[in-house]
Protein chains: 2
Amino acid sequence: MDSDELRNAGLKVTTPRLKILTLLENATERHMTAETIYRLLAEGGEVIGLATVYRALAQFEAAGLITRHHFDSGQTVYELERGPHHDHIVCIRCGRVEEFYDKVIEERQREIAASLGYKLSDHALTLYGECNSPDCLAGKG
Amino acid sequence: MDSDELRNAGLKVTTPRLKILTLLENATERHMTAETIYRLLAEGGEVIGLATVYRALAQFEAAGLITRHHFDSGQTVYELERGPHHDHIVCIRCGRVEEFYDKVIEERQREIAASLGYKLSDHALTLYGECNSPDCLAGKG
DNA sequence: GTTGCAAACGATAACGATTCTCAATATAGA
DNA sequence: TCTATATTGAGAATCGTTATCGTTTGCAAC
């Protein structure tokens with residue numbers, strides 16, 4: 001239950017937090033901006049202050065429930081932390097985000113950090129390109 | 001000469017642009033924010049409008065003279081584009097930035113993008129960890 | 001060397017994203 | 001149920017960045 005997730009994270013169980021967490025778990029799009037979350041909730045009849053959305057996301061991130069990504073395009077997206085690690089590829093035309101995992105790259109990163117004398121704690125790898133989805137190509141003109 | 005670099009990039013040679021380019025070439029720190037550049041110039045007696053700094057950096061980037069990076073910390077830094085492509089490793093304790101290049105990773109990225117149907121145009125790989133420089137370790141307490 | 005004009009400049013207003021403030025409200029434990 | 005405390009929402013404030021606009025500059029033709 002979502003309320004348990006909040007409790008386990010040391011957060012009080014409040015209506016806004018539950019709504020936001022539930023949205024993150026049920027949305028078809030795994031990567032959303034704070035604005036998108038705010039808008040989707042509003043469209044669903046759950047008007048939650050934008051400030052509250054930001055606060056909740058910050059708390060969820062601190063608690064390890066979600067992860068925040070800053071793409072070079074400037075957009076900041078949040079995604080539920082579930083399943084194994086992965087990196088991202090972003091379409092520079094339509095903004096679409098996909099995930100991938102590559103064992104070879106993961107391994108090389110560890111080796112590189114070690115060879116430079118770093119204790120690796122995290123990494124961010126994002127590829128940028130143009131996707132071939134019909135929707136994206138259609139809007140090309 | 002810096003003025004030639006500007007001319008070759010198709011940019012008019014102006015005092016502000018020259019000052020900024022020269023600073024980028026001579027600064028000890030290769031990775032600077034727009035604010036830092038503005039401040040360093042001001043400290044050196046060269047008061048250049050912040051808007052002009054941003055404009056020049058955008059033009060330099062468009063011309064391929066410099067590269068912009070958005071680190072997950074949120075800061076946006078610019079660095080002179082010289083020498084071959086490389087990625088970054090940032091110390092999460094002291095903020096130190098180092099560069100590295102790995103052929104294996106570069107190659108895998110191309111393969112991954114292709115396999116997902118993307119026309120790869122760019123990528124951002126940043127590792128985060130704790131470095132072992134004496135200065136950094138010293139300030140650990 | 002002067003002139004003309006487009007491009008670039010600086011100051012500041014505007015902007016979008018995010019954070020802060022504060023009075024009102026809701027949560028969780030006694 | 002009551003109370004102390006954390007959380008909320010609305011809007012003001014802030015941050016980094018971009019746009020506006022009147023003035024100045026670079027530079028090519030004269």
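Here is the naming used below: chain letters follow the sequence lines, and residue numbers restart at 1 for every chain. What you see is a predicted model; the values in this text were computed from it and never measured. Note that these values count all heavy atoms, side chains included, but never hydrogens, waters or copies made by symmetry.
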Quick one: [X] [atom1] to [N] [atom2], roughly how many Å, whole number?
X	N	atom1	atom2	value
B/Arg68	D/dG16	CZ	P	15 Å
A/Tyr78	C/dA17	OH	P	12 Å
B/Arg7	C/dA8	CZ	P	14 Å
B/Ile37	D/dG16	CD1	P	14 Å
A/Tyr38	D/dT8	OH	P	15 Å
B/Leu50	C/dA8	CG	P	18 Å
A/Tyr54	D/dT8	OH	C1'	17 Å
A/Glu35	C/dA17	CD	P	6 Å

Tell me what A/Thr52 touches on the nucleic acid: a base, only sugar-phosphate, or nothing, going by heavy atoms under 4.0 Å.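 The residue A/Thr52 makes base contact.
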A/Thr76 near the nucleic acid: base, sugar-phosphate alone, or nothing, with a heavy-atom cut-off under 4.0 Å?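 Here A/Thr76 touches the backbone only, sparing every base.
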Run the side-chain contact (heavy atoms from CB on, under 4.5 Å) test against B/Thr126 and tell me which residues pass, sequence neighbours left out.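 B/Thr126 satisfies side-chain contact (heavy atoms from CB on, under 4.5 Å) with B/Phe71, B/His88, B/Val90, B/Tyr128 only.
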Considering only side-chain heavy atoms of [X], which listed nucleotide, [options], is closest?
X	options	answer
B/Thr14	C/dA8, C/dA17, C/dA11	C/dA8
B/Arg55	C/dG10, D/dG9, D/dG16	C/dG10
A/Pro16	D/dT8, D/dT17, C/dA8	D/dT8
B/Lys12	C/dA28, C/dA17, D/dC27	D/dC27

Can you list the steps and then say if A/Thr67 with A/Glu79 is a side-chain hydrogen bond (donor to acceptor under 3.5 Å, both in side chains)? CA-CA 5 Å; A/Thr67 310; A/Glu79 78 169 297; 5.6 Å; no
So, is B/Thr15 near the phosphate of D/dT25, with a side-chain N or O under 4.0 Å from OP1 or OP2?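 For D/dT25, OP1/OP2 do not have a side-chain N/O of B/Thr15 under 4.0 Å.
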Just by distance, no angles: are the side chains of A/Glu106 and A/His85 close enough, under 3.5 Å, to form a donor-acceptor pair?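 Result is yes, a qualifying pair exists.
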Divergence of helical axes at both termini of the helix from C/dG1-D/dC30 to C/dA30-D/dT1 - five pairs an end, 10° steps: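 About 30° separates the two local helix axes.
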B/Arg17 versus B/Leu6, closest heavy-atom pair with distance: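 Looking at all heavy atoms of both residues, the shortest contact is CB-CD1, 3.8 Å.
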Sub-4.5 Å side-chain heavy-atom contact between A/Leu50 and A/Glu35: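 Side chain of A/Leu50 against side chain of A/Glu35, heavy atoms only: contact under 4.5 Å found.
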Ignoring hydrogens and angles, does a donor from either the side chain of B/Arg17 or the base of D/dG26 sit under 3.5 Å from an acceptor on the other?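 Looking at the base of D/dG26, it does not pair with any donor or acceptor on the side chain of B/Arg17 (distance under 3.5 Å).
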